[in-house]
Colleague: 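If you scroll down you'll find the structure; I have some questions about it.
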Amino acid sequence: MPELPEAEANRLRIARDCLNRTIEAAKPGDDTDHIELPGDNERGRLVGHQFTQTHRHGKLIFAGSGTGPWIAVHLGMTGSLRPFEADDGPPDYAKFLILFEGERRLAFRCPRKLGWVRVVDSPQAEIDRIEFGPDALEISRDVFVEVIGTSRGAIKSALMQQKKLAGIGNLWSDEILFRLGIDPQRKGTQLDEEQLGEMYDAMRNILRAVVDTQADYSKLPEDWLIHTRDEGAECPQCGGKITRTKVGGRSAFHCTRHQD
DNA sequence: CGCGTTGTTGAGTT
DNA sequence: GAACTCAACAACGC
């Protein structure tokens, strides 16, 4: 589930259903080998506190308060946050559970165990520790142009580097380049200032649009790549052919006719 | 059964 | 030495 818009949709679920309720317990779920979760001490720190605020930076999700500890959550490839009622039971693959007063609970689902949960002092402390760059929806145009325009590697890889720019992953980097007609292999240093400015605008417009749907892809316009990410598919913009290649070790989909 | 996977990391290379 | 590349990680679904 997880790039910036998907993380934002998950953050919203905490903000909507899990604030201002005293935490009675926090505990690991089933089959938690090889996944990073808070230990006894960290879990104990949460008890008796409430979450009163949430925050997101790139793909990182936070919940906490002005006076207590925070949780930091990274969804990995397949993670999600699910508020639920005690009567309904936790979802499958729940790896971490927070029990609030009353019946409300929060589950961290993570079927493939590439995500993690930490107890931290503040969002900023964790963002600094991980050395993530500016959030993709917060970064200024000037900084974006500088950071991406000086990247010597593939433009797609540059957009996905969280230390340059936090929040973009494989799907939305493809969508941005598809919109602009730029080949994912092109180098950042080959793009002029005008192209970089257009990229900044496209990035913001695309991420905002996905956030607005709460990452429900079926609500996105038909001519987006997201609906056609298949080898050999017909390009919804120009009728060209969608091709899968490898860029920076990841699958990249692009139209061989209008992206160059 | 083999392959691919919306993420990151660390070792190796330019 | 910074920037970059790539295989590895875990485990599920097709």
Side-chain angles (χ1 to χ4, degrees), chain A residues 1-11 28-37 56-61 72-81 91-96 108-118 126-127 129-133 135-136 146-178 184-190 203 206-207 209-211 213-220 224-233 242-254:
Chain A
M1 286 248 20
E3 295 180 41
L4 184 153
E6 294 80 8
E8 178 65 9
N10 279 274
R11 181 196 68 78
D30 295 328
D31 182 23
T32 56
D33 289 351
H34 302 120
I35 183 166
E36 183 185 347
L37 297 170
R56 182 193 54 69
H57 185 98
K59 305 170 187 174
L60 284 180
I61 302 162
V73 180
H74 195 296
L75 300 175
M77 293 265 257
T78 56
S80 59
L81 291 164
D92 289 347
Y93 303 106
K95 301 303 177 188
F96 190 67
F108 168 60
R109 262 191 104 239
C110 200
R112 295 183 203 172
K113 297 183 172 179
L114 288 173
W116 48 256
V117 178
R118 294 174 186 157
E126 186 62 13
I127 293 163
R129 208 175 71 74
I130 308 183
E131 300 181 306
F132 272 6
D135 180 83
E146 166 66 19
V147 166
I148 300 302
T150 56
S151 296
R152 293 187 278 115
I155 185 65
K156 174 180 171 62
S157 301
L159 288 170
M160 291 195 296
Q161 283 175 32
Q162 305 302 300
K163 292 186 181 181
K164 292 183 187 293
L165 175 68
I168 296 178
N170 207 21
L171 259 43
W172 304 123
S173 60
D174 276 355
E175 194 73 50
I176 291 165
L177 298 171
F178 178 80
Q185 297 271 18
R186 288 267 292 284
K187 313 304 178 199
T189 49
Q190 294 175 318
M203 171 183 77
I206 287 169
L207 294 178
V210 185
V211 166
T213 67
Q214 288 184 48
D216 179 349
Y217 303 163
S218 69
K219 292 180 176 152
L220 296 169
W224 282 33
L225 177 66
I226 188 72
H227 307 300
T228 318
R229 266 179 124 257
D230 296 302
E231 174 77 49
I242 303 298
T243 308
R244 188 177 114 213
T245 60
K246 283 279 187 194
V247 178
R250 309 298 304 279
S251 284
F253 289 86
H254 80 286

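Within every chain, numbering begins at 1; the chains are lettered A, B, ... in the order of the sequence lines, protein sequences first and strands thereafter.
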Colleague: Expressed in whole Å, how much space separates the P atoms belonging to B/dC3 and C/dA7?
Modeller: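 Looking at atom P only, B/dC3 and C/dA7 are 15 Å apart.
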Colleague: So, does A/H74 use its side chain to make a donor-acceptor pair with the main chain of A/L114 at under 3.5 Å?
Modeller: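 Between the backbone of A/L114 and the side chain of A/H74 there is no qualifying donor-acceptor contact (under 3.5 Å).
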Colleague: In whole angstroms, how far is the C1' atom of B/dG7 from the CG atom of A/L171?
Modeller: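 Interatomic distance, CG of A/L171 to C1' of B/dG7: 12 Å.
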Colleague: Would you confirm whether A/S173, through its side chain, and A/L159, through its main-chain N or O, come within 3.5 Å as a donor-acceptor pair?
Modeller: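 Flag not set: sc A/S173 to bb A/L159 has no pair under 3.5 Å.
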Colleague: Ignoring backbone atoms, test whether A/K59 places a side-chain nitrogen or oxygen under 4.0 Å from the OP1 or OP2 oxygen of B/dG7.
Modeller: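 Yes.
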Colleague: Taking only the side-chain heavy atoms of A/Q162 (C-beta and beyond), determine which of B/dT8, B/dG7, B/dT9 contains the nearest atom.
Modeller: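 Selected nucleotide (nearest to the side chain): B/dT8.
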Colleague: Reading DNA chain B from 5' onward, which residue's closest nucleotide shows up sooner: A/F253 or A/M160?
Modeller: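 The residue whose closest nucleotide sits nearer the 5' end is A/F253.
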Colleague: Can you tell me the distance, in whole Å, between the CG atom of A/L177 and the P atom of B/dT6?
Modeller: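 Result: 15 Å.
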Colleague: In whole Å, what is the span from the CG atom of A/L4 to the P atom of B/dG7?
Modeller: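 A/L4 atom CG is separated from B/dG7 atom P by 11 Å.
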Colleague: In whole Å, what is the span from the NZ atom of A/K246 to the P atom of B/dT5?
Modeller: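 Computing the A/K246:NZ to B/dT5:P distance gives 6 Å.
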Colleague: Using whole Å, what does the distance between atom C1' of nucleotide C/dA3 and atom CD1 of A/I155 come to?
Modeller: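 In whole Å, C/dA3 C1' and A/I155 CD1 are 15 Å from each other.
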Colleague: Do the side chains of A/L4 and A/W172 get nearer than 4.5 Å, heavy atoms only?
Modeller: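 Not touching, per the 4.5 Å side-chain cut-off.
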Colleague: Let's see if you can work this out: which of B/dG7, B/dG4, C/dA10 has an atom nearest to the side-chain heavy atoms of A/S251?
Modeller: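 Nucleotide nearest to A/S251's side chain: B/dG4.
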Colleague: Whether the side chain of A/R112 and the base of B/dT5 hold a donor-acceptor pair under 3.5 Å is what I'd like checked.
Modeller: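 Check passes, donor-acceptor contact within cut-off.
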Colleague: Using 0.5 Å steps for rounding, measure from the CG atom of A/L37 to the NZ atom of A/K95.
Modeller: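 Spacing of CG (A/L37) from NZ (A/K95) equals 9.0 Å.
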Colleague: Which part of the nucleic acid does A/G249 contact within heavy-atom distance under 4.0 Å: base, sugar-phosphate only, or nothing?
Modeller: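 Counting heavy atoms under 4.0 Å across all strands, no contact is made by A/G249.
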Colleague: For B/dT14, which nucleotide is its Watson-Crick or G-U wobble mate, given both distances must be under 3.5 Å?
Modeller: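 With both distances under 3.5 Å, B/dT14 matches C/dA2.
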Colleague: What's A/K95 touching, base or sugar-phosphate or nothing? Going by heavy atoms closer than 4.0 Å.
Modeller: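 Since no nucleic acid heavy atom lies under 4.0 Å of A/K95, the category is nothing.
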Colleague: Checking all strands, does A/S157 fall into the base, sugar-phosphate, or nothing category for heavy-atom contacts under 4.0 angstrom?
Modeller: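 Contact class for A/S157: none.
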Colleague: Quick check on C/dC6: is either OP1 or OP2 less than 4.0 Å from any side-chain nitrogen or oxygen of A/R250?
Modeller: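 It does not, given that no N or O in the side chain of A/R250 lies less than 4.0 Å from OP1 or OP2 of C/dC6.
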Colleague: Can you tell me which nucleotide in C/dC4, B/dG7, C/dC12 comes closest to the side chain of A/Y93?
Modeller: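 Nearest to the side-chain atoms of A/Y93, counting from C-beta on, is C/dC12.
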Colleague: Taking only the side-chain nitrogens and oxygens of A/K164, find out if one of them lies under 4.0 Å from OP1 or OP2 of C/dC4.
Modeller: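 Yes, A/K164 has a side-chain N/O under 4.0 Å of OP1/OP2 on C/dC4.
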Colleague: Rounded to the nearest angstrom, tell me the gap between atom CG in A/D33 and atom P in C/dC9.
Modeller: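 In whole Å, C/dC9 P lies 16 Å from A/D33 CG.
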Colleague: Using heavy-atom distances to pick each residue's nearest nucleotide on DNA chain C, tell me which of A/D31 and A/T150 is more 5'.
Modeller: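 Here A/T150 is the residue nearer the 5' end.
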Colleague: Taking the side chain from A/Q162 and the backbone from A/G167, do they hold a donor-acceptor pair closer than 3.5 Å?
Modeller: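 Judged by distance alone, yes, a pair lies under 3.5 Å.
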Colleague: Can you tell me the distance, in whole Å, between the CD atom of A/Q161 and the P atom of C/dA3?
Modeller: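 Rounded to whole Å, this separation is 10 Å.
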Colleague: What are the two closest non-hydrogen atoms of A/K156 and A/N170, and how far apart are they?
Modeller: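 Scanning both residues completely, I find the closest heavy atoms to be NZ-OD1, 2.5 Å.
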Colleague: Measure CE/A/M77 against C1'/C/dC12 and give the value in whole Å, please.
Modeller: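 Going from A/M77 (CE) to C/dC12 (C1'), I get 11 Å.
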Colleague: For B/dT6, take OP1 and OP2 only and decide whether either is under 4.0 Å from a side-chain N or O of A/T78.
Modeller: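 Checking A/T78 against B/dT6: no side-chain N or O falls below 4.0 Å of OP1 or OP2.
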Colleague: Select from A/R152 and A/H74 the residue whose nearest nucleotide in DNA chain B is closer to the 5' end of that strand.
Modeller: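 Mapping each residue to its closest nucleotide by heavy atoms, the 5'-most match is A/H74.
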